[in-house]
A.B. asks: 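To start, I am sharing the structure in question, which I have written as structure tokens.
We're numbering straight along the sequence, starting at 1.
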Amino acid sequence: MTPRHYAPSQKVLHWAVAALIVALVPIALAMANLPDGDLKNALYEWHKSFGLTVLALALARLLVRAARGAPPLVASLPAWQGRAAHASHLALYALIVVVPMLGWAGTSACCAPVMLYFTLPLTLPISGGMPVGEAILRVHQVAAFALVALVVLHAAAALHHHLVRRDGTLRRMLPGRAE
Ligand code: HEM
Ligand code: HEM
């Protein structure tokens, strides 16, 4: 049966993934542009650990979504906007899995070990060394910027619903509200 609202777990996972992405993109831009040193190295570690956390939470989100579904879009939406919303949600789900997987694979190939929060070794067995790692990380970067662009559009659409259309779209993703 189609649910009438998002489950609390879906809301928590949505905002946890959003917060991590908002943190790890500026970290990525800083780490890529800083001169070599301890700060740059630390930012790489935080970027990788936050990214792996996004991957774990994204997989949890997909499981909850598959098990429970999502409420239908607000009824007043024109058909093309409904199709755009569904397509962008699908693309967001795909990218929050694919982007960290590419980062993980590329880093495992070029720059092992991958350590989760400075402790747990999680290097993938990917051979090919630096050339393969760099090629994968280039795709990671392009896919990450596509994700950022889509998130900006998505957040703008959510704010448009809330401030201009004044429907319940944003409210139903907020904690503590049933609709
Ligand atoms: C949703 C998750 C992720 C997002 C949104 C993301 C985003 C980005 C972005 C925007 C850059 C480009 C920075 C620049 O060159 O200006 C980048 C670079 C990088 N990312 Fe990620 N990333 C994620 C997950 C990961 C993971 C899980 C790893 C590794 C375990 C990783 C490893 C790297 C590395 C090593 C670079 C630097 C590549 C280079 O120096 O050219 N990322 N990431
Ligand atoms: C930063 C990373 C973000 C990602 C990856 C993301 C991803 C998603 C996905 C995949 C859905 C569809 C949920 C489903 O149908 O199961 C969704 C729904 C939603 N998101 Fe985000 N989101 C992000 C940030 C934001 C931000 C910043 C806002 C608000 C400013 C926002 C507001 C919403 C709202 C209101 C919905 C519900 C839409 C509806 O059900 O009609 N999201 N998000």
A.B. asks: What do you reckon, is CE of M115 surrounded by more than 12 foreign heavy atoms closer than 6.0 Å?
C.D. replies: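 Check passes, neighbour count above 12.
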A.B. asks: First locate atom CG of L170, then atom NE2 of H161, and finally report the distance between them rounded to the nearest 0.5 Å.
C.D. replies: 10.0 Å
A.B. asks: Is it the case that one hydrophobic cluster holds both F50 and L57, taking links as side-chain heavy atoms less than 4.5 Å apart, direct or via other members?
C.D. replies: yes
A.B. asks: Are I21 and V54 close enough that some pair of their side-chain heavy atoms sits under 4.5 Å apart?
C.D. replies: yes
A.B. asks: Taking V17 as the starting point, is it possible to reach V151 by hopping between hydrophobic residues whose side chains are less than 4.5 Å apart?
C.D. replies: yes
A.B. asks: I want to check something: taking the side chain as every heavy atom from C-beta on, are S88 and L153 in contact at a cut-off of under 4.5 Å?
C.D. replies: no
A.B. asks: Side chains of residues 22-35: which donor-acceptor partners sit under 3.5 Å, not counting sequence neighbours?
C.D. replies:
| residue | atom | partner | partner atom | Å |
| --- | --- | --- | --- | --- |
| N33 | ND2 | L29 | O | 2.7 |

A.B. asks: P113 and T123: which non-hydrogen atoms are nearest, and at how many Å?
C.D. replies: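 The pair with the smallest heavy-atom distance is CA-OG1, 3.2 Å.
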A.B. asks: Do you know which two heavy atoms are closest between S127 and A109, and how far apart they sit?
C.D. replies: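 Of all heavy-atom pairs spanning S127 and A109, the closest is O-CB, 4.5 Å.
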A.B. asks: Distance check, rounded to the nearest 0.5 Å: T2 atom OG1 versus R68 atom CZ?
C.D. replies: 10.5 Å
A.B. asks: Could you check L73 against H86 for side chain to side chain contact (heavy atoms under 4.5 Å, CB included), going step by step and ending with a plain yes or no?
C.D. replies: CA-CA 9 Å; L73 300 174; H86 282 306; 3.6 Å; yes
A.B. asks: Please check: side-chain N/O of Q10 versus main-chain N/O of G69, any donor-acceptor pairing under 3.5 Å?
C.D. replies: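 Yes; judged by distance alone, with no hydrogens or angles, the pair exists.
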A.B. asks: Under a 4.5 Å side-chain heavy-atom rule over Ile, Leu, Val, Met, Phe, Trp and Tyr, are F118 and L43 clustered together?
C.D. replies: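 Yes: a chain of side-chain contacts under 4.5 Å links F118 to L43.
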A.B. asks: Under 4.5 Å between side-chain heavy atoms, hopping through other hydrophobics if needed: is there a path connecting L102 to V142?
C.D. replies: no
A.B. asks: Atom CG in L159, atom CZ in R165: separation rounded to 0.5 Å?
C.D. replies: 14.0 Å
A.B. asks: Can you find a pair of side-chain heavy atoms, one from L92 and one from L147, that are under 4.5 Å apart?
C.D. replies: yes
A.B. asks: If you round to the nearest 0.5 Å, how far is CG of L13 from OH of Y6?
C.D. replies: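 Y6 atom OH to L13 atom CG measures 13.0 Å (nearest 0.5 Å).
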A.B. asks: Name the orientation class of the two ring planes belonging to H154 and H14 (parallel below 30°, tilted from 30 to 60°, perpendicular beyond 60°).
C.D. replies: tilted
A.B. asks: Please tell me if the side chains of T169 and L77 come closer than 4.5 Å, counting only heavy atoms from C-beta onward.
C.D. replies: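 They are not in side-chain contact.
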A.B. asks: Might you work through the side chain to side chain contact (heavy atoms under 4.5 Å, CB included) test for T107 and H140, ending with a clear yes or no?
C.D. replies: CA-CA 10 Å; T107 314; H140 169 68; over 6 Å; no
A.B. asks: Looking at L95 and A146, what are the two nearest heavy atoms and their distance?
C.D. replies: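 Looks like CD1-C, 4.3 Å.
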A.B. asks: Is there a donor-acceptor pair closer than 3.5 Å between any side-chain N or O of W15 and the backbone N or O of L174?
C.D. replies: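 No, because the side chain of W15 does not come within donor-acceptor range (under 3.5 Å) of the backbone of L174.
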A.B. asks: After noting the C-alpha distance and the side-chain angles of V97 and L55, does the key distance pass the side chain to side chain contact (heavy atoms under 4.5 Å, CB included) rule?
C.D. replies: CA-CA 6 Å; V97 172; L55 177 59; 4.1 Å; yes
A.B. asks: Mind checking the CG-NZ spacing from D38 to K40? Nearest 0.5 Å is all I need.
C.D. replies: 12.5 Å
A.B. asks: Measure the CG-CD distance between L116 and E45 for me, rounded to the nearest 0.5 Å.
C.D. replies: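 Between atom CG of L116 and atom CD of E45 there are 10.0 Å.
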A.B. asks: Taking all heavy atoms of C110 and all of G133, pick out the closest pair and write down the distance.
C.D. replies: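 Taking C110 first and G133 second, the nearest heavy atoms are CB-CA, 3.8 Å.
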A.B. asks: Of all the heavy-atom pairs spanning P3 and P72, show the shortest one and how long it is.
C.D. replies: O-CD, 3.7 Å
A.B. asks: If you take all heavy atoms of R61 and I96, which pair is closest and at what distance?
C.D. replies: NH1-CD1, 4.0 Å
A.B. asks: Is there a path of hydrophobic side-chain contacts, each under 4.5 Å between heavy atoms of I, L, V, M, F, W or Y residues, that connects W104 with Y44?
C.D. replies: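 Result: yes, single cluster for both.
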